[in-house]
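Working notes, beginning with the structure itself.
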Amino acid sequence: QVQLVESGGGMAQSGGSLRLSCVISGFEVGGYAIGWYRQVPGEEREGVACIGADGGHTTSYGASVKGRFTISRDNGSNRAYLLMTNLKPEDAATYFCATHGPLRCGTDWYDGRIFRLWGQGTQVTVSA
């Protein structure tokens, strides 16, 4: 059975850091792009970051996190990570990882519709 399980969420101070992990089981993720998304209750899901399976592992970031967050992947362990630094209260949300879409993130990754498999999410809170 294919599963994505996020971990690493919790409480961080404003200006602090958290590292989220996404463990993917049931298939090898090396040929697929992986995305991180977040959602606040009552708001639409937004794209945080995406990393491709192309040779250069091309990355894309949402404008609000660019320069602060870093997405990475480890195909050998079937994992993806999201390093969040300089956290702001606006970053508080439930964070989801997703995959099983195209090889590249392309230009259509932001809303997450390119991905078929999603985790259950990990909650991040940030103190003001």
Side-chain angles (χ1 to χ4, degrees):
Q1 177 72 350
V2 175
Q3 285 189 327
L4 283 70
V5 180
E6 302 94 338
S7 63
M11 170 68 76
Q13 296 177 324
S14 182
S17 301
L18 283 174
R19 184 179 183 242
L20 307 183
S21 297
C22 174
V23 179
I24 302 156
S25 61
F27 78 107
E28 295 189 22
V29 77
Y32 300 91
I34 304 169
W36 282 98
Y37 298 82
R38 67 188 184 189
Q39 190 165 28
V40 176
E43 299 183 8
E44 291 187 344
R45 180 176 63 202
E46 64 175 321
V48 175
C50 188
I51 184 166
D54 57 297
H57 291 175
T58 304
T59 57
S60 299
Y61 294 92
S64 64
V65 308
K66 190 174 296 183
R68 299 188 297 120
F69 291 10
T70 303
I71 187 172
S72 60
R73 64 190 296 158
D74 182 349
N75 292 337
S77 63
N78 241 34
R79 296 186 182 209
Y81 303 95
L82 183 69
L83 176 62
M84 306 183 294
T85 64
N86 193 21
L87 282 162
K88 303 176 180 180
E90 309 93 90
D91 296 318
T94 301
Y95 284 73
F96 303 86
C97 64
T99 191
H100 207 285
L103 183 148
R104 301 175 185 271
C105 300
T107 59
D108 299 326
W109 68 275
Y110 187 82
D111 65 8
R113 295 181 186 269
I114 64 172
F115 295 121
R116 296 179 175 88
L117 301 179
W118 291 77
Q120 299 280 36
T122 185
Q123 192 167 11
V124 171
T125 56
V126 183
S127 61

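One-based numbering along the sequence shown.
Other cluster members for Met11: none, since no ILVMFWY side-chain heavy atom sits under 4.5 Å from it. Side-chain heavy-atom separations under 4.5 angstrom define the hydrophobic clusters, and the remaining members of the one that includes Tyr61 are Val2, Leu4, Leu18, Leu20, Ile24, Phe27, Val29, Tyr32, Ile34, Trp36, Val48, Ile51, Val65, Phe69, Ile71, Leu82, Met84, Leu87, Tyr95, Leu117, Val124, Val126. Members clustered with Ile114: Tyr37, Phe96, Trp109, Tyr110, Phe115, Trp118, by chain and number, using a 4.5 Å side-chain heavy-atom cutoff among hydrophobic residues.
In this structure, NZ in Lys66 is found 9.0 Å from OG1 in Thr59, a value given to the nearest 0.5 Å.
Partners of Arg113 according to the side-chain hydrogen bond (donor to acceptor under 3.5 Å, both in side chains) rule, which considers only residues two or more places apart in sequence or in another chain, are Asp111. Partners of Arg104 under the salt bridge (charged side-chain N to carboxylate O under 4.0 Å, His left out) rule, at least two apart in sequence or in another chain, are Asp54. In terms of the side-chain hydrogen bond (donor to acceptor under 3.5 Å, both in side chains) criterion, Ser7 has no residue partners (sequence neighbours excluded). Residues satisfying the side-chain hydrogen bond (donor to acceptor under 3.5 Å, both in side chains) criterion with Asp108, sequence neighbours excluded, are absent altogether. Residues satisfying the side-chain hydrogen bond (donor to acceptor under 3.5 Å, both in side chains) criterion with Arg68, sequence neighbours excluded, are Asp91. With sequence neighbours left out, the salt bridge (charged side-chain N to carboxylate O under 4.0 Å, His left out) criterion links Glu6 to no other residue. Contacts of Ser25 classified as side-chain contact (heavy atoms from CB on, under 4.5 Å), with partners at least two apart in sequence or in another chain: Gln3. Residues forming a side-chain contact (heavy atoms from CB on, under 4.5 Å) with Val40 (at least two apart in sequence, or on another chain): Glu43, Ala93.
Nearest heavy-atom pair, Gly52 versus Cys105, reported as atom, atom and distance to 0.1 Å: N-SG, 3.7 Å. In this structure, Gly30 and Ala53 approach most closely via the heavy-atom pair O-CB, 3.2 Å.
Applying the side chain to side chain donor-acceptor pair (under 3.5 Å) test to pairs two or more places apart or on separate chains, none has a residue in residues 10-19.
In this structure, a donor-acceptor pair under 3.5 Å is present between the side chains of Arg38 and Ser64.
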